[in-house]
Number of protein chains: 2
Amino acid sequence: MSRATIKDVAEAAGVSIATVSRVLNDRGGASATARTVREAAERLGYAPNALARMLITQRSMTVGLLQPMVSDSFAGQVLDGVEDAAYELGYSVIVCSTGAGSSRLEHYARLLASRQVDAAVVMSTALTQTQHELLRALALPYVVVAGSTPDPGVPVVAIDGQQAAADATTALVTAGHRRIGMIAGGADDPVAGIPRVRGFVAACDTAGIAPDDRPVEHGDFGYDSGLVAMRRLLERRPDLTAVFAASDEMAVAAMTVADEQGRRVPEDLSVIGFDAIPLARMTRPPLVSVAQPLRAMGYRAMQAAEQLVRGEPLPAAAPVAHALTVGGTVGPPSGGPPFGDPVGPPSPRS
Amino acid sequence: MSRATIKDVAEAAGVSIATVSRVLNDRGGASATARTVREAAERLGYAPNALARMLITQRSMTVGLLQPMVSDSFAGQVLDGVEDAAYELGYSVIVCSTGAGSSRLEHYARLLASRQVDAAVVMSTALTQTQHELLRALALPYVVVAGSTPDPGVPVVAIDGQQAAADATTALVTAGHRRIGMIAGGADDPVAGIPRVRGFVAACDTAGIAPDDRPVEHGDFGYDSGLVAMRRLLERRPDLTAVFAASDEMAVAAMTVADEQGRRVPEDLSVIGFDAIPLARMTRPPLVSVAQPLRAMGYRAMQAAEQLVRGEPLPAAAPVAHALTVGGTVGPPSGGPPFGDPVGPPSPRS
DNA sequence: ATGAAAGCGCTAACAG
DNA sequence: CTGTTAGCGCTTTCAT
């Protein structure tokens, strides 16, 4: 059985389609015919064709989520927040995996424009000027979450990555460490690479730690690259007492290497990670990590997107608050009681 | 600047809109006008309005993905596969988080029908008869991935959960274990709960292990519940030499509890998990786990959905192959060399 | 309050 | 090969 249309309902109720439209959209009075119409609609299992409505209202109540990778838990949590807000606002979310390259982002941007999505949410991406211009040319309003854009007028929902890295480093310094290694992410990653190294270096400088005492090795945020980076770090400076990693996977890798070399955490080596993914809670001891309120960020990004569509004024784009999670991987250099109290700005209410 | 329509292009090229439509859809010859049209389209930055096209072709090239939770890495990997296949097939994916309750699934089913999606992909859900009938009534074709449905005519992409659990258990038995505990999932979860317990029990029966020697405790698949379940298990039978958990998080929890109690893995206790999420590779030693080819399953589910839409005959729904991952958490009961060779059917080529 | 009619932007017959 | 004419299912004037 094919789906019933507004015409079928109109015939069944003995009225015109205009009347059906009005009744079903509560734009007609509560007359007697209203009931007849509703009953007919019910009986026929009528569901309005959203496509037809979109075509005429010029609003698809849909947003596109552009993200480099959809499968990691970072992306999942943001998506969860986006989806939740979308649900509440009556929007649908089309997910687009843009991958590493730029070509797929362009492809999807065109696709989304062609599908008349009302806005795009760009995640974990540092948009180039060219990409920004493409989006503009496609008349596709967008917001950025956990990323950046060259246009200061575009809403961005993100933490201050440099400050967060500095806070994590400072926590290590406060615990008494003076020789701290960093396992950084991609050396030219403008979102999760560069700012975190910068924050690390800045905090070390402030603490008066000499460049030689704060070696940096780069990984790709993944576990395996963390193993390699950690080994190199300890080769360069076997006397490190603490490590700050730009991702939890790399932090866990650091713990694995420490374990292999008979260094205990936190007695012999303190470790701080980044992102506070679920994994961080399951290590022994639990990993201290920089937490971003990912779900809340997704939620907020979707809200911002909706406001953008409605042409509502947007609140100034203040960075989102980050926080250090409680854990057991940070302690004083020479051993002693574990240290893991939260440091830095409080996490926002979810 | 508002988006250009086909009419604008037609005027700019000095032809009718029908000609524009034909040229742009390669349904008109390569005449001289074709170039004129293409140039005009290019110049105006014309992008066809997919909505209008959908309305007339009665095909939205969109599928809805219904999943209980979008944020865990299990869901993420399946989504990744779905998205990938969708991209290749020219489809878009709308994600819908149905949560635990049934009401949101119903809501989304109606929404998707109203949005004229061509099909739905239902994930990690054991559809009830009522839910199945709703989908039918909405004229919404669907496939199931990592779940089940009452209608044998509906394509299902899933492993044989009972067999997989039995294989994991048998691996433990083969290693020499005779007192094996299980940390199960939800006691009435028809997808990841019941079948896995059943497979565990069946394998133990086959091995001649007495019911008392194969205690079962239930968790909710999460880490914390795993801690509780493991402690209860060891209280009941402190002499257990192996544990099979219905999720990796619970398996890692078992390892944590073992560690707390001074039991070494795998010397004193062998552990097998389920799902082989990224986390499993990062434990010390790496966790042996039952792997489902999640990405491939998502990919295949999307393919099946597309075939369903096209009315193409579907291949018989054979279960997907599972496999045990290589790891270091399984060994003989009394200590000895680690054991972690793959067991069970080979994993499918991705 | 209701119905007739005009589209939203596009595709698909049908003529020429 | 091209243009004309109908719609897809809906919302929305504009009369009635």
Let me know the distance between [atom1] of [X] and [atom2] of [N], rounded to the nearest Å.
| X | N | atom1 | atom2 | answer |
| --- | --- | --- | --- | --- |
| B:L51 | D:dC8 | CG | C1' | 12 Å |
| B:R22 | C:dC14 | CZ | P | 14 Å |
| A:I56 | D:dC8 | CD1 | C1' | 12 Å |
| B:I6 | C:dC8 | CD1 | P | 13 Å |
| B:E11 | C:dG9 | CD | P | 12 Å |
| A:K7 | D:dC10 | NZ | C1' | 13 Å |
| A:R27 | D:dT13 | CZ | C1' | 12 Å |
| A:Q116 | C:dC8 | CD | C1' | 10 Å |

Along DNA chain D (nearest heavy atom to each residue), the more 5'-positioned of B:L55 and B:T19: B:T19
Please tell me which of the listed nucleotides, [options], lies nearest to the side chain of [X]?
| X | options | value |
| --- | --- | --- |
| A:V15 | D:dG7, C:dG7, C:dG3 | C:dG3 |
| B:N49 | C:dG3, D:dC10, C:dC10 | C:dC10 |
| B:Y46 | D:dC10, C:dT2, C:dC10 | C:dC10 |
| B:T33 | C:dG3, D:dT2, D:dG9 | D:dT2 |
| B:T57 | C:dT11, D:dT11, C:dC14 | C:dT11 |
| B:A52 | C:dA4, D:dG3, C:dC10 | C:dC10 |
| A:A18 | C:dA4, D:dG7, D:dT11 | C:dA4 |

Result for 5'-nearest mapping on DNA chain C, choosing between A:Q58 and A:S16, is A:S16
Kindly confirm or rule out a cation-pi arrangement of A:R3 over A:Y46, judged by NZ or CZ under 6.0 Å from the six-membered ring centre and within 45° of its axis? no
Looking at the base of C:dG9, is there any donor atom on it, or on the side chain of B:R3, that sits under 3.5 Å from an acceptor on the other one? no
Do the non-hydrogen side-chain atoms of B:S97 and B:M69 ever get within less than 4.5 Å of each other? no
Is the shortest side-chain heavy-atom distance between B:Q116 and A:N49 below 4.5 Å? yes
Hey, is the side chain of A:R59 poking within less than 4.0 Å of OP1 or OP2 on C:dC8, counting only N and O atoms? no
Salt bridge check, A:R104 against B:E83: does any charged N sit closer than 4.0 Å to a carboxylate O? yes
State whether the side chain of B:D80 and the backbone N or O of B:G76 hold a donor-acceptor pair below 3.5 Å, judged by distance alone. no
Strictly distance-based, threshold 3.5 Å: is any side-chain N or O of B:N25 a donor or acceptor partner for the main-chain N or O of B:R27? no
Students often get this wrong, so: under 4.0 angstrom with heavy atoms, is A:S21 touching a base, only sugar-phosphate, or nothing? base
Please work out if B:I17 contacts a base, only the sugar-phosphate, or nothing of the nucleic acid, heavy-atom cut-off 4.0 Å. base
